[in-house]
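Working notes, beginning with the structure itself.
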There are 2 protein chains.
Amino acid sequence: MAERARRIPEATVARLPVYLRCLLELAEAKIATISSERLAELAGVNAAKVRKDLSYLGSYGTRGVGYDVEYLLFQMSRELGLTQDWPVVIVGVGNLGQALANYGGFTDRGFPIAALVDADRAKVGQKVHGNVVRHIDELPAIAAEVGIAIGIIATPAGAAQEVADRLVAAGIASILNFAPAVIAVPPSTSLRKVDLAVELQILSFYQQRRSGSIAVGPERAAN
Amino acid sequence: MAERARRIPEATVARLPVYLRCLLELAEAKIATISSERLAELAGVNAAKVRKDLSYLGSYGTRGVGYDVEYLLFQMSRELGLTQDWPVVIVGVGNLGQALANYGGFTDRGFPIAALVDADRAKVGQKVHGNVVRHIDELPAIAAEVGIAIGIIATPAGAAQEVADRLVAAGIASILNFAPAVIAVPPSTSLRKVDLAVELQILSFYQQRRSGSIAVGPERAAN
DNA sequence: TACCGCACGTGTTCACGTTCACATGGTGCG
DNA sequence: CGCACCATGTGAACGTGAACACGTGCGGTA
Ligand SMILES: NC(=O)c1ccc[n+]([C@@H]2O[C@H](COP(=O)([O-])OP(=O)(O)OC[C@H]3O[C@@H](n4cnc5c(N)ncnc54)[C@H](O)[C@@H]3O)[C@@H](O)[C@H]2O)c1
Ligand SMILES: NC(=O)c1ccc[n+]([C@@H]2O[C@H](COP(=O)([O-])OP(=O)(O)OC[C@H]3O[C@@H](n4cnc5c(N)ncnc54)[C@H](O)[C@@H]3O)[C@@H](O)[C@H]2O)c1
């Protein structure tokens, strides 16, 4: 095994998927090599940051030339763990949960929706996009049987913490939370959240600064 | 006018909505005062950060006691611009756009969905949750007539940049982008993005580090 | 084969945000 | 009325990530 001890900054990790998507587009357009400058433009960041970020993966570029798109794509996929599928369970098959289940974009990119669970007995047994909804009590069994890696919480906020606890108990160590609630998980678990209300309120803050008075806050343009 | 020149760090702005939600819960539970320590616990951060963040709003606490929930709620709402409604337009009434339109959580919190637009003539005229879908060409007219503040992009990635340009042209200066694409906007425009594929890939990265080898990357536990 | 130019890789500098620790000042009790 | 207690507010230390600038090495060319 190689020395995979390199620590990659969290900020860099968050940008890698963006680079990856740009590279996929380039590959599709049959572009063989890409300079940090051009890639930076596509990713909406500056060139120095691209080079720093990519250097954490290794020295995969060629000086005077740029990066080989295919090769970089491969290395980055490997680093991000995208050489294998990561089965996902969606908890809470309501308005949002169903929209996610019906969305093909995840399965395509290596995150197959392996199970849907809900606490509502009325929903159990329903079929959504080819998946039968099962009861959340079966979670440990489902997780063991399908090898679930990631849990998506799409329940009301009040149930989020309990659901998170159940996911953790079932051995699922990666959680994506859509519920507008702060939840706690053990340090060995990765937790990320998507909170639309928060996003809107952030926009509201800057909008008000802009319209209300003089001083304008910092915007995040490209990216 | 008061000295509203205080610059609030972006990181703080992103946390204010979280505090706000905690305070709303406290107010609902008829709790009159709250210490930074307790609020920190609810918000999933540490107490020093809470105090620093709140101090950007002003000195609204009482030493030896804590913060008055109602008063802080008021000040924070004002600062975030939540004393008024910010009408929202959703562009792209597909799978995601409809789910968002059907979701009551935005209107409740001061972000009424004032319009739905789509490029697909087949969708124009359809009614979703009480809103008639209109054609995107009407955007400037709609924006002027209803006073749209925020645009949500829920179209395929390929259309995202063009839609963003149209929103900007229509005078909408706050954009929330759900499409998996990097888009550029003028510096006077606020842009935030929600990218599920990116979130999943970030989880995948840490998951692989955990299962694959020794070294485990940094997790973000609570919040 | 030697030189030139170009873009990567990276040490360094700088800015921002987090954390710490404590002075400050308000509250309530004796 | 004075004292003890307690949580806020904040300067200062610290750490991380962003930006910069340039040394480095490779490919192309003559
Ligand atoms: N719908 C949206 O567009 C949208 C947008 C932003 C955020 N959200 C958030 O996403 C979450 C889900 O929203 P929604 O509109 O789908 O709500 P919903 O009420 O339509 O669906 C929630 C589902 O969760 C299930 N559920 C409740 N408690 C459960 C538990 N303990 N275990 C398992 N399942 C449980 C319910 O049976 C229901 O099927 C909410 O927290 C909401 O705030 C939704
Ligand atoms: N559905 C999900 O759960 C989900 C999850 C994550 C991300 N997304 C992203 O959200 C976006 C929308 O997803 P979806 O599933 O709703 O797609 P969809 O195909 O169901 O809907 C897209 C809608 O946008 C409209 N549209 C296309 N071009 C347009 C233009 N130029 N102007 C205005 N409208 C236009 C289409 O007519 C269609 O109604 C996609 O970028 C997708 O990747 C969706």
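To find a chain, count down the sequence lines: A is the first, B the second, and so on, and within it residues start at 1.
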Test of understanding: with side chain to side chain donor-acceptor pair (under 3.5 Å), list the residues that count as partners of B:E199, not counting sequence neighbours.
A:R192

Residues pairing under salt bridge (Lys or Arg N to Asp or Glu O under 4.0 Å) where one sits in residues 148-163 of chain A, two or more places apart or in two chains, turn out to be A:E162-A:R166

Selection residues 28-47 of chain B - residue pairs positive for salt bridge (Lys or Arg N to Asp or Glu O under 4.0 Å), sequence neighbours left out
B:R38-B:E41

Would a 4.5 Å heavy-atom cut-off, applied to side chains only, mark A:V89 and A:I172 as touching?
yes

What contact category does A:Y56 fall into here, base, sugar-phosphate, or nothing, at under 4.0 angstrom with non-hydrogen atoms?
nothing

List in chain and number order the residues that pass ring-ring contact (aromatic ring centres under 6.0 Å, His included) with B:Y60, two or more places apart in sequence or in another chain; answer none if no residue qualifies.
B:Y71

Under the side chain to side chain donor-acceptor pair (under 3.5 Å) test, which residues partner A:S174, sequence neighbours left out?
B:Q207

DNA chain C: 5'-most and 3'-most nucleotides touching chain B, 4.0 angstrom heavy-atom criterion:
C:dG17 to C:dT27

Give every residue pair that meets the side-chain hydrogen bond (donor to acceptor under 3.5 Å, both in side chains) criterion with at least one member in residues 42-59 of chain A, sequence neighbours excluded.
A:T12-A:D53, A:R15-A:D53, A:Y19-A:D53, A:S36-A:R51

Give every pair of a protein N or O atom and an N or O atom of nucleotides 13-20 of chain D that lie under 3.5 Å apart, one pair per line with the distance.
unit_1, atom_1, unit_2, atom_2, d
D:dA18, OP1, A:R15, NH1, 3.0
D:dA18, OP2, A:R15, NH2, 3.2
D:dA19, OP2, A:N46, ND2, 2.9
D:dA19, OP2, A:K49, NZ, 3.3
D:dA19, N6, A:K52, NZ, 3.2

Can you sort out the partners of A:D85 under side chain to side chain contact (heavy atoms under 4.5 Å, CB included), two or more places apart, ordered by chain and number?
A:P112

Readout for nucleotides 25-30 of chain D: B = base within 4.0 Å of protein heavy atom, S = sugar-phosphate only, - = neither; 5' to 3' it is BBS---

Sequence-distant partners of A:T155, side chain to side chain donor-acceptor pair (under 3.5 Å), two or more places apart
none

What's the CG-P distance between B:L39 and D:dG9, to the nearest Å?
12 Å

For A:R21, give me all partners under side chain to side chain donor-acceptor pair (under 3.5 Å), at least two apart in sequence or on another chain.
B:D195

